Trainee: 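Before I ask anything, let me first share the structure, which is written out below as structure tokens.
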Amino acid sequence: MLRQALAKIVQTAAVLLIVSIVSFGVLKLAPGDPVELMLGEEYSKEAHQSLMIQLGLDRPLPEQYVDWLGRFMRGDWGTSFVSRTPIFQYAFVEALPVTLILAAAALGLAILIGVPLGVISAVRKDTAWDAAAAAFALTGSAFPSFYLGILLIWIFGASLGLFPTMGFVPPWRDFWGGLYHLAMPAITLSTPFMALIVRITRANLVETLEQPYIAAARARGEPAWRVIWIHAMRNVLVPLATIVGLQLGTLLHGAVLTETVFSLPGIGRMITDAVLGREYLVVQAGVMMTGCLVIMTNLVVDLSYPVLDPRLRPR
Amino acid sequence: MMIDHKQVLADKLATRFGRRRLLHGAGAAVAVASLPSVSRAADGGHIKLAWIDFVDTLDPHFTSYLGAIKIHNNIYNGLLKVEYDGEKVSFVPDLAESWKLLDDKTHVFKLRSGVKFHDGEICDAEAVKWSVERVWRGQPKSPHAWKYDYLESVEVVDPLTVKLNFKNPYAFLPVALTGSTGRAGTIVPRKAIEKYGKDFGRNPVGTGPFKFVSWKENDSIVLEKNPNYFEPGLPKLDRATFLIMKEASSAVAALLAGRVDGMSNSPLQFINQLKSNPNLTVLGEIEGNYSLMAMNCRRPPFDDINVRRAVGFAIDREALIKQAFFGLGIPAYTPISPPMTGFFDKNIAKSGRGQFFDLEKAKAFRAKAKEQGPIEAVILTSEQGQYGTRVAQTIVPMLDKIGIKAKLELVERAAWISRRNAGEFHMIDMTWSADLDPDETIFPEWHTGNAWNYSGWSNTEFDKLVEQAQIILDVKTRRDLYVKAEDILMDEAPMAILTHMPEFKILTKKVKGFKYTPADSLDLHTVSF
């Protein structure tokens, strides 16, 4: 057990190291540098050179990477070139909670609506309910999230004035206010994900409902709700958990657009701005945090299998 | 102030659907019952502006972005400021009480007494001297240091009098000193800068009508009223929040929904929609700017003057304004723009000067070009600013008519800047903006070897004329020099000059007292609800 845990930790560290090298290298190889952007119209070769030296960007690439890695390991995430704010504060303390809350709200919404819709679709197979759920699933997967966000803003924000069009209110300061501000971004981010959950739930449940043990449960006279939610759904949970874990990356990817459209100060927007502004250290911090999130989610999913399926528990 | 959002939403639903229907509708009743309360800043005294411009730093001596300068003007003062009476731009004393020329090289500023920075430090002649020297020869070097190239010394005459001695007459000084476009004459406090060092740009302290409160990355910048501001009765607002929004359509939606009181700017595609909204005031006049298609004179095909001249006359500016600028703009014939009072020729369209659309002339120049076969050229463009890639897209078919097969190369902003600075392009679409003096609009952009002369164009006669114009104060003599310089520039055509454009500020009708100046500024000094 200890050996497995150690192997997992080494594996995780190796993945993060590779990810950090790739992201550092790719961004450095891209044309443009932060100094040119910082100088804007006041660019001159002398000013450029002087600022490059000040920021330590004139050093060889491997030296810059090793320097960053050493500091990062010691907990020093550096300072943003442009904003001069400590990156740990900006990325970890301020931006990460916004994205985590948005992703959690979207995930919660997707599961709370997607699973029952999938169940209805499977139980009422080949009826109007099923067709409606299929239509929703197809539309939801096909609809670009940024477009859905803009539509929601224009209909429910600008035209009807029912929901805020922008901004983030921390739920730990004002719980209901936080949810109110999160409603439209969470719907935007969760829709494609919800559609996927509907499809996965339906497909697996339809298959499960044809199993002999379900027929046996029905023959025993168990109520329909119990047959579906207790006996059948248990078999759907494992593929569902796998999909949820695998799709976290997609959810973070969607957060980039959702945060931009709704002006939420989260990691997605932070990374986008940092990439466009060549803020190497901010990008690195963002990549490491999202990398850790994806790895940790996969770990949680791995650990959840024995809980969800007794056959996978160690004997 | 905490307000009850249940009530707000109930009211909004009632307005939209009718109170009776709302109260009887089960769905709506559930919606209202489950609505949250959310903290929201009070109106009346608190202006919220959607800020779609980039803000790099709040240190006025180190910024390079107009989006930041618009905010700086509310935190800081300069020795002079820009005023506009609807027709004429003038430069008047701001922190100074009076501004006199002892001779044509010596400027004396008598300062207002009792002015303090937000941290309590006195703003006197010593503070002005220190501030000017910080830009002029401070370390790290300010990107605006070149604006004091002709400065010889700064003298403190008495605690409220400061003297700037120049090596020669310096016509650009009023613009260099104003906080709006010059940035070099903005006065900052020594103690705060020594305290914060490089982080002063995140902890700004000025003498202006508003004090800095906070800057949350990608979220907002908040200022509050400076109760000790030296202009009596100002500012009228208690608080100003600049909500940083990257997506312009979201900012427009927020404005239409009444979530914000104004926008710092707007992409042109939204302007007509915003103008048609009865609750909004859209302010925007032709400002000191020009859009252009720069051509790289260092490499083929645009090292051939006749190819460049052909391009200059092949572009139909009227069509370009309709298609790329949504009808918002005027054709530019030369760089000097309408707000440059005393220099702009109101009859330039009829004068025959500069560049304009004349396909026959363009074809005649093309016929003189060394390369008579089809010419291939790449336009380097980026999705940025108010116009995006529309200018480049619209020009391509126009160039086709003179045998230039232009292709667009769309790159992201960082790559665009990098390649522009390195001169790695055939053609590049650009804009020069917020200029109030011909020197600013011509010298750094086209003088030989200057950092902004991306085309790599060089002409010694032009150089002499613009150098001469810098050290002459008489407006008429300067104007004559600039006319000659512009004629050379437009004839040799390192660029095809395109348009002069309005810059927009959008405010809701409840915002009162905003004074518009054509310097792309958004001063909140006199604003109230």
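Just so we're clear, the structure is a prediction, and the values are computed from it rather than from any experiment. In the text below, chain A, chain B and the rest are named by the order of the sequence lines, each starting its count at 1.
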Trainee: So, taking the atom named CD in Glu279(A) and the one named OH in Tyr90(A), what distance separates them when rounded to the nearest 0.5 Å?
Mentor: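 Between atom CD of Glu279(A) and atom OH of Tyr90(A) there are 7.5 Å.
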Trainee: If you count heavy-atom pairs under 4.5 Å with chain A, which of Thr57(B), Asn421(B), Asp56(B) comes out on top?
Mentor: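 Most heavy-atom pairs under 4.5 Å with chain A: Asn421(B).
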Trainee: Is Leu255(B) close to chain A through its backbone or its side chain, or both, or neither, when contacts mean heavy atoms under 4.5 Å?
Mentor: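 Neither part, no heavy atoms under 4.5 Å.
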Trainee: Short question: side chain of His61(B), backbone of Ala145(B) - any donor-acceptor pair under 3.5 Å?
Mentor: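 No, because the side chain of His61(B) does not come within donor-acceptor range (under 3.5 Å) of the backbone of Ala145(B).
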Trainee: Less than 6.0 angstrom from the centroid, inside 45 degrees of the normal: does Arg202(B) satisfy that with respect to the ring of Trp215(B)?
Mentor: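 Output yes; distance and angle both within limits.
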Trainee: Side chains of Ser23(A) and Gln284(A) only: does a donor on one sit below 3.5 Å from an acceptor on the other?
Mentor: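 Judged by distance alone, the side chains do pair up.
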Trainee: Relative to chain A, which segment of Phe54(B) carries a heavy atom at a distance below 4.5 Å: side chain, backbone, both, or neither?
Mentor: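 Contact with chain A involves the side chain of Phe54(B) alone.
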Trainee: Under a 4.5 Å heavy-atom cut-off, does chain A meet the side chain of Glu217(B), its backbone, both or neither?
Mentor: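 Both parts, backbone and side chain.
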Trainee: Is it the backbone or the side chain of Leu276(A) that comes under 4.5 Å from a heavy atom of chain B, or both, or neither?
Mentor: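 Contact with chain B: backbone and side chain both.
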Trainee: Answer with side chain, backbone, both or neither: which region of Val260(B) has an atom nearer than 4.5 Å to a non-hydrogen atom of chain A?
Mentor: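 Side chain only.
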Trainee: Does any heavy atom of chain B fall under 4.5 Å from the side chain of Ser50(A), the backbone, both, or neither of them?
Mentor: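 When you check distances to chain B, no heavy atom of Ser50(A) falls under 4.5 Å.
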Trainee: Shorter than 4.5 Å, heavy atoms on both sides: which option in Val411(B), Leu256(B), Leu58(B), Val252(B) has the most such pairs with chain A?
Mentor: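 Winner by heavy-atom pair count: Leu256(B).
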Trainee: Check whether any side-chain N or O of Arg419(B) sits under 3.5 Å from a backbone N or O of Glu424(B) as a donor-acceptor pair, and report yes or no.
Mentor: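 Between the backbone of Glu424(B) and the side chain of Arg419(B) there is a qualifying donor-acceptor contact (under 3.5 Å).
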Trainee: Keeping to residues at least two apart or across chains, list the salt bridge (charged side-chain N to carboxylate O under 4.0 Å, His left out) pairs with something in residues 251-273 of chain A.
Mentor: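 Of all non-adjacent pairs touching residues 251-273 of chain A, those that pass salt bridge (charged side-chain N to carboxylate O under 4.0 Å, His left out) are Asp273(A)-Lys246(B).
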